[in-house]
Protein chains: 2
Amino acid sequence: MRLSTKGQYGVLAMYELAKRYGEGPVSIKEIAESQTFSDAYLEQLFASLKKAGLIRSLRGAHGGYQLSREPSQISIRQIIDALEGPIEFSACVGGPEGYICKKSDACVTRELWKEIQESINAIIDNRSLADLVEQGRRKQQ
Amino acid sequence: MRLSTKGQYGVLAMYELAKRYGEGPVSIKEIAESQTFSDAYLEQLFASLKKAGLIRSLRGAHGGYQLSREPSQISIRQIIDALEGPIEFSACVGGPEGYICKKSDACVTRELWKEIQESINAIIDNRSLADLVEQGRRKQQ
DNA sequence: TTATTTTCTAGTATTCCACTTGGAATAATT
DNA sequence: AATTATTCCAAGTGGAATACTAGAAAATAA
């Protein structure tokens, strides 16, 4: 029960892009180095992020990636959804009614899982890359 | 990013035991039938739950399982922890410092994941099997 | 033209999930 | 004593997902 590396790496990579927002394109290599993970793997994550419209790319020498809008306009939710698909704490909540709990009396756990999912969403909906950048600055001082 | 069937089935199975609390041992077969999932698989879940001290067993004919204490004294958290190990939204939070985010400036995502995890725990710590049973009764009426 | 970058496609080793199988031990019933 | 119902135990398994790697093609700047 945990976020995969896609989500974890992805948010960190986007944070690095946010820190450099407005400074032109940044190469995958630079991002991968600043967080020490594989650039070939990161490339795949960026493909998903681009498809979701969160980043833009420039090919060729001096090319790279950059956020497609201001850090404050990109939420953690959007990043995770792009990389992992929407978080579903239980198949019950996202899937069809009665998917797992067939004979149970109108599934007593369904609402519980739903409540958890909503509490997660409430947090990641209201947290933007700008918040992370600001937090990073505070930490460095 | 979701609870495995272990957690989902496990909570449902414990709910069935809670409904029958005080009525003597209940067999795996009966529980599995009331929720329509494999009894051989459920057996494994019960082994973990027993090891965690949440249920007691009686072998032989007319044997079975029962909760080892009142439904109100068993939280959803305890059940999930027994079956899946403690929930960790990210390896960052449970694992050693800097596990993933090595070069990052004191990892800005760490606190975010921690916050999410704590909000999940807050919910499942404060929900007991008794709550589920009561909720089930309300639904049936 | 060369170096640097994204882009695309495919492959792969490992781990995890959701079970299944088969049998031994234990206890109640007949 | 035999039968039946149950837990207990250990191992195996097929498929999917994870976390990558490899290699080559296309685009662009210098």
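So you know, we letter chains A, B, ... as the sequences are listed, proteins then strands, and number each from 1. As a basis for the values below, the full set of heavy atoms in this structure was taken, side chains included, without hydrogen atoms, waters or symmetry mates.
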Upstream residue (5' side of DNA chain C) when A/K29 and B/A40 are each assigned their closest nucleotide: A/K29
side-chain N/O A/Y9 vs D/dA19 OP1/OP2, d < 4.0 Å: no
Which of the following nucleotides, C/dA27, C/dT7, C/dT5, is nearest to the side chain of A/S27? C/dT5
Rounded to whole angstrom units, what separation is found between the NZ atom of B/K50 and the P atom of D/dT6? 17 Å
Under 4.0 Å: is that the gap between some side-chain N or O of B/S38 and OP1 or OP2 of C/dT20? yes
With the threshold set at 4.0 Å, does a side-chain nitrogen-carboxylate oxygen contact exist between B/E16 and B/K19? yes
d(CG, B/L12; P, C/dA18) in whole Å: 14 Å
Interatomic distance where CD1 belongs to B/I28 and P belongs to C/dT20 [whole Å]: 13 Å
Is the closest side-chain heavy-atom distance between B/E115 and A/I123 below 4.5 Å? yes
Interatomic distance, A/L58 CG vs D/dA27 C1' [rounded to whole Å]: 11 Å
Would you tell me if any nitrogen or oxygen in the side chain of B/Y65 comes within less than 4.0 Å of OP1 or OP2 on D/dT6? no
Separation of D/dA17 P from A/L3 CG (nearest whole Å): 17 Å
Find which nucleotide of DNA chain C each of B/D39 and A/E43 is nearest to by heavy atoms, and output the residue with the more 5' nucleotide. A/E43
Between OH of A/Y41 and C1' of C/dG11 the distance, given in whole Å, is 16 Å
The side chain of A/S4 lies closest to which of these nucleotides: D/dA19, C/dT6, C/dA27? D/dA19
Would you mind telling me which of A/I74, A/V26, A/L67, A/V133 makes a side-chain contact (heavy atoms from CB on, under 4.5 Å) with A/Y21? A/L67
Should B/T5 be listed as having a side-chain N or O under 4.0 Å from OP1 or OP2 of C/dA18? yes
Tell whether B/R59 reaches the base of C/dT26 with its side chain through a donor-acceptor pair below 3.5 angstrom. no
In whole angstrom, give the distance that lies between atom CG of A/L45 and atom C1' of D/dT18. 12 Å
So, is B/H62 close to the C/dA27 phosphate, meaning a side-chain N or O under 4.0 Å from OP1 or OP2? no
Taking atom types as they are modelled, is there a donor-acceptor pair under 3.5 Å from the base of C/dT20 to the side chain of B/Q44? yes
Lys/Arg N to Asp/Glu carboxylate O, A/R77 vs A/D125, below 4.0 Å: yes
Atom CG of B/L49 and atom C1' of D/dT7: how far apart are they, to the nearest Å? 15 Å
With a 4.0 Å cut-off on N to O distance, would you call A/K139 and B/E111 a salt bridge? yes
